[in-house]
Amino acid sequence: MSDWRIYRGAGLPHDGARQLPAPPPWREFTARNPEGAGGIDGPPDGPVDSEEVDNARRLGVKRRLVESFHPRPEEVEAVNAALQLRRPLLVTGTPGTGKSTLAHAVAHELRLGRVLRWPIVSRTTLQDGLYHYDAIGRLQDVQLDRAVSGDAVRQPPIGSYIRLGPLGTALLPSPDGLPRVLLIDEFDKSDIDLPNDLLNVLEEGEFTIRELERRAEREPATDVLTDDGTPVTVVGGRVRCTAFPFIILTSNGERDFPAALLRRCIQLDLKPPGEKQLAAMVAAHLGEEALEEGAELIERFLQREPGEVVATDQLLNALYVTQRAAHAEQVTRNRLAEMLLRPLDRPR
């Protein structure tokens with residue numbers, strides 16, 4: 001395509017959206033092969049493997065062509081310390097340094113299954129991570145059944161209205177003795193109470209579902225849904241892990257955490273990727289040819305001013321778009337790169 005633009009701002013409706021290429025690998029939400037098959041024409045044949053999609057987005061569809069992401073020794077040591085001590089790993093770093101990707105890399109290498117993700121916002125509570133009981137939905141179903149039948153109806157099973165959150169799912173007993181991987185993302189965005197609220201759960205590795213605990217004598221075992229969407233049996237209303245999950249808490253360093261939490265964590269300060277890590281990352285997502293075609297942008301990224309915050313996914317965005325606009329004028333490509341590589345800490 002000589003003109004990389006789909007939208008031209010001419011105001012005339014057209015079918016250009018049907019010519020959209022496949023999305024960048026890190027914005028792909030359906031499974032596709034490393035050569036980039038797929039796109040907006042439709043989903044791939046057969047069921048989509050969510051673990052495969054997550055790994056492709058985070059680690060790169062061409063990752064098998066890359067020997068290693070070249071993690072620094074201190075990163076490998078911190079991960080191993082957390083694994084062996086059964087302690088959470090608190091990873092701090094500027095945006096785009098690969099904090100979240102680390103969880104997917106560990107899960108992929110150790111074959112620990114899909115990464116459970118708990119995104120944190122200012123309103124997040126411990127309850128959100130453990131489980132949710134839809135009491136209103138249960139009441140509505142009872143009232144609807146009564147209105148339809150006109151008679152007293154049997155209450156639906158309470159377990160149908162309980163779904164474990166990411167943390168609750170991670171703490172389930174492990175059938176194969178292996179830990180789950182849990183990513184607690186943007187932990188520094190939390191309310192001031194959440195770090196302290198987590199302490200007991202992280203220390204004891206268990207929690208209770210109050211609604212089931214009250215009914216334990218009548219219903220000792222209840223089936224509920226996990227964060228994976230699969231049913232699991234909870235006995236006595238109590239969930240207790242048999243293999244403590246590998247937990248990564250990420251932070252952009254926007255706040256301090258209480259000492260009580262810090263002493264329960266292994267701490268890792270993740271530095272921006274070096275030349276080897278960056279080359280492996282670009283090759284994993286865009287292929288080896290992107291290293292040569294985008295050499296100027298990569299060098300610009302590496303030589304940025306000390307203290308400038310530019311995320312690695314900004315570089316990937318710039319490489320992807322400027323390659324798509326390969327036939328555009330140089331001034332256009334430079335303008336695109338300038339826009340996409342704008343430092344995150346620069347006033348607008």
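Numbers for residues simply follow the sequence, beginning at 1.
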Any luck finding a side-chain donor-acceptor pair between Arg72 and Gln277 under 3.5 Å?
yes
Atom CZ of Arg138 with >12 non-hydrogen neighbours under 6.0 angstrom:
yes
Going by distance alone, is a donor N or O of one side chain under 3.5 Å from an acceptor N or O of the other, for Asp185 and Thr250?
yes
For the residue pair Trp118 and Asp128, confirm or rule out a side-chain donor-acceptor distance under 3.5 Å.
no
Salt bridge between Asp227 and Arg163, side-chain N to carboxylate O under 4.0 Å?
no
Donor-acceptor pairs are to be reported for all side-chain atoms of residues 231-241 against protein atoms at under 3.5 Å, with residues two or more places apart or in another chain.
{"from": "Thr233", "atom 1": "OG1", "to": "Asp223", "atom 2": "OD1", "distance (Å)": "2.6"}
{"from": "Arg238", "atom 1": "NH1", "to": "Glu206", "atom 2": "OE2", "distance (Å)": "3.3"}
{"from": "Arg240", "atom 1": "NH1", "to": "Glu206", "atom 2": "OE1", "distance (Å)": "2.7"}

With no hydrogens and no angle check, is any side-chain donor or acceptor of Arg264 less than 3.5 Å from a backbone partner on Ala260?
yes
Sequence neighbours left out, what passes side-chain hydrogen bond (donor to acceptor under 3.5 Å, both in side chains) with Arg87? Give chain and number order.
Glu203
If you count the non-hydrogen atoms of other residues, nucleotides and ligands that lie under 6.0 Å from CD in Glu296, is the total more than 12?
no
Could you check whether any side-chain heavy atom of Thr97 comes within less than 4.5 Å of a side-chain heavy atom of Val91, counting everything from C-beta outward?
no
Using a 4.5 Å cut-off on heavy atoms from C-beta on, say whether the side chain of Leu130 contacts that of Ile209.
no
Pair Ser190, Asp188: side-chain N/O donor-acceptor within cut-off below 3.5 Å:
no
Tell me, yes or no, whether the heavy-atom count around Gln127 atom CD, taken from other residues, nucleotides or ligands under 6.0 Å, exceeds 12.
yes
Do Arg304 and Phe301 meet the cation-pi criteria used here (NZ or CZ under 6.0 Å from the six-membered ring centre, within 45° of the axis)?
yes
Can you confirm whether the side chains of Asn334 and Gln330 place a donor and an acceptor under 3.5 Å from each other?
yes
Test of understanding: with side-chain hydrogen bond (donor to acceptor under 3.5 Å, both in side chains), list the residues that count as partners of Thr226, not counting sequence neighbours.
Thr230
Side-chain heavy atoms of Thr92 within contact of Ser251, under 4.5 Å:
yes
Does any non-hydrogen side-chain atom of Ile162 lie less than 4.5 Å from one of Leu212?
yes
Partners passing ring-ring contact (aromatic ring centres under 6.0 Å, His included) against Tyr131 (at least two apart in sequence or in another chain):
none
Results of ring-ring contact (aromatic ring centres under 6.0 Å, His included) for Phe257 - residues two or more places apart only:
Phe187
So with a 6.0 Å cut-off around CG of Asp256, is the heavy-atom count from everything else above 12?
no
Where the side chain of Gln303 meets the backbone of Arg300, is there a donor-acceptor pair that is under 3.5 Å apart?
no
Not counting sequence neighbours, which residues clear salt bridge (Lys or Arg N to Asp or Glu O under 4.0 Å) with Glu186? List them please.
Lys189
Taking C-beta and beyond as the side chain, do Tyr133 and Ile158 meet within less than 4.5 Å on heavy atoms?
yes
Has Arg8 got more than 12 heavy atoms of other residues, nucleotides or ligands less than 6.0 Å from its CZ?
yes
